[in-house]
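Here the structure comes first, spelled out in structure tokens, and everything after it is commentary.
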Amino acid sequence: MAVVFKGFPFNLPFASILLILLLCLQSGGGQKKKENMLAEKVEQMMEWSSRRSVIRMNGDKFRRFVKAPPRNYSVIVMFTALQPQRQCSVCRQANEEYQVLANSWRYSSAFSNKLFFTVVDYDEGADVFQQLNMNSAPTFMHFPAKGKPKRADTFDLQRIGFASEQLAKWIADRTDVQIRVFRPPNYSGTIALALLVSLVGWLLYLRRNNLEFIYNKTGWAMAALCVVFAMTSGQMWNHIRGPPYAHKNPQNGQVSYIHGSSQAQFVAESHIILLLNILSHAAITMGMVLLNEAATSKGDVGKRRIICLVGLGLVVFFFSFLLSIFRSKYHGYPYSFLIK
């Protein structure tokens, strides 16, 4: 039985159906509006991307196209400080690698509207840095198409470095988008090798009548030591990972030359270690020479005892010094000797 309200011309079932229809129409209109808004955002992002592989954004653009829904595309954002007054050399180096990666994606056959590369400079979007509680640059973040960024959506630059290949691997893990990195041809290494070979050939030609220096054991020993010191200081790790030279905090301008993690290092840190290695090993070698001199010479016993103590002191102190450096870098290393 239908219930009829006084002064209301429709019965209850008919009114309910009408209300449902109105809600459906309203919901459909809202959905249509959302789809139109999404289409406009994607079209605008594609237009910017066609002009430049990396889209520059200020605070308003970031909030509208990266943070605000609706959005069905992923965004990689590099937060940086490229202005000269910031004196962030690492930012410029990271930006070069970022441009290589973005260009590789933009001009690849797999390019689509599912992934965009953007950049927010501190001097153009300081409010964005404050909103995200970000106090260092450069920083790479992935904003997924759905949901909020997770911890893994922030690239671990300090541990991995900022090489394009490493960034591409991280993006593949977060978005399933595979990017093959294409670097512009760089002939500097080939030219340097050609110059080196030419120089060696020229020297050999000048000394063609006297090539005994090739059999000089001291020369080969010095060359071997240079290679050993370069490798033990981490130069090969720098070449593979491409870490920044140092890290400068854009907020207070403080520069860090030593990385706090045992899994990473700065280029400046490897230079410091190289210098300390040379000095320490030279002192230890001198100590061993003095110990040998004290043991084999036939001079005054008191003088030989002093030489022995000096040599032993050099060996013990500088060995302890090297061990303490390794212990301070590799947190949790249990062994120490004299110096902690």
Side-chain angles (χ1 to χ4, degrees), residues 87 89-101 103-104 107 160-168 180-246 257-259 264-293 295-297 307 311 314-315 318-319 321-322 325-326 329:
Q87 298 181 356
S89 59
V90 180
C91 295
R92 291 190 290 272
Q93 298 170 13
N95 183 61
E96 293 176 358
E97 292 293 315
Y98 192 59
Q99 292 288 343
V100 169
L101 178 62
N103 288 330
S104 300
Y107 298 106
I160 305 177
F162 47 72
S164 299
E165 290 77 9
Q166 298 296 333
L167 286 169
R180 183 180 178 184
V181 177
F182 293 95
R183 292 185 177 275
N186 185 358
Y187 302 106
S188 59
T190 304
I191 294 174
L193 180 61
L195 290 175
L196 178 61
V197 172
S198 301
L199 179 61
V200 172
W202 180 65
L203 291 176
L204 290 176
Y205 177 77
L206 293 179
R207 300 288 300 272
R208 61 186 181 277
N209 296 324
N210 184 11
L211 297 178
E212 293 181 0
F213 69 95
I214 295 179
Y215 305 98
N216 190 316
K217 296 181 180 179
T218 303
W220 286 109
M222 294 298 294
L225 282 175
C226 290
V227 174
V228 169
F229 285 134
M231 295 298 105
T232 55
S233 65
Q235 295 298 327
M236 185 56 68
W237 192 93
N238 294 341
H239 180 73
I240 296 173
R241 296 295 183 90
Y245 186 81
Y257 297 100
I258 307 296
H259 198 285
Q265 68 177 15
F266 296 131
V267 175
E269 183 177 345
S270 63
H271 294 167
I272 295 172
I273 295 299
L274 174 62
L275 180 61
L276 293 177
N277 269 338
I278 293 175
L279 294 177
S280 299
H281 283 85
I284 292 174
T285 302
M286 179 60 68
M288 296 300 294
V289 170
L290 291 176
L291 287 173
N292 181 71
E293 181 69 19
T296 57
S297 64
I307 294 175
L314 287 173
V315 172
F318 281 97
F319 178 80
F321 178 65
L322 288 176
I325 293 176
F326 178 78
K329 180 65 177 179

From OG (Ser270) to CG (Leu274), nearest 0.5 Å: 7.5 Å
Interatomic distance, Thr190 atom OG1 to Leu195 atom CG [nearest 0.5 angstrom]: 11.0 Å
Spatial distance of atom CD (Glu269) from atom CD1 (Ile273) [nearest 0.5 Å]: 6.0 Å
The reported gap from CG in Leu276 to CG in Leu322 (rounded to nearest 0.5 angstrom) is 8.0 Å
Roughly how far, to the nearest 0.5 Å, is the SG atom of Cys226 from the CD1 atom of Ile278? 7.0 Å
For Arg183, look at atom CZ and say whether over 12 heavy atoms of other residues, nucleotides or ligands are found less than 6.0 Å away. yes
Quick check: does any side chain N or O of Asn103 sit under 3.5 Å from a backbone N or O of Gln99, one acting as donor and the other as acceptor? yes
Could you pull out the closest heavy-atom pair between Ile307 and Leu290, with the gap in Å? CG2-O, 3.3 Å
What closest approach, in Å, do Leu101 and Ala168 show between heavy atoms, and which atom pair accounts for it? CD1-CB, 3.7 Å
Would you give the length of the straight line joining atom CD1 of Ile272 to atom CD1 of Ile325, rounded to the nearest 0.5 angstrom? 10.0 Å
Heavy-atom closest pair (Leu167 atom, Phe162 atom, distance to 0.1 Å) is CD1-O, 3.8 Å
Knowing that exactly one of Leu279, Thr285, Ile284 qualifies, which makes a side chain to side chain contact (heavy atoms under 4.5 Å, CB included) with Phe318? Ile284
Over all heavy atoms of both residues, which pair between Leu291 and Gly311 is shortest? Give the atoms and the distance, please. CG-C, 4.0 Å
Count the heavy atoms of every other residue, nucleotide or ligand shown that sit under 6.0 Å from OH of Tyr257, and state whether that count exceeds 12. no
Can you name the nearest heavy-atom pair linking Phe182 to Ser104, along with the distance? N-OG, 2.9 Å
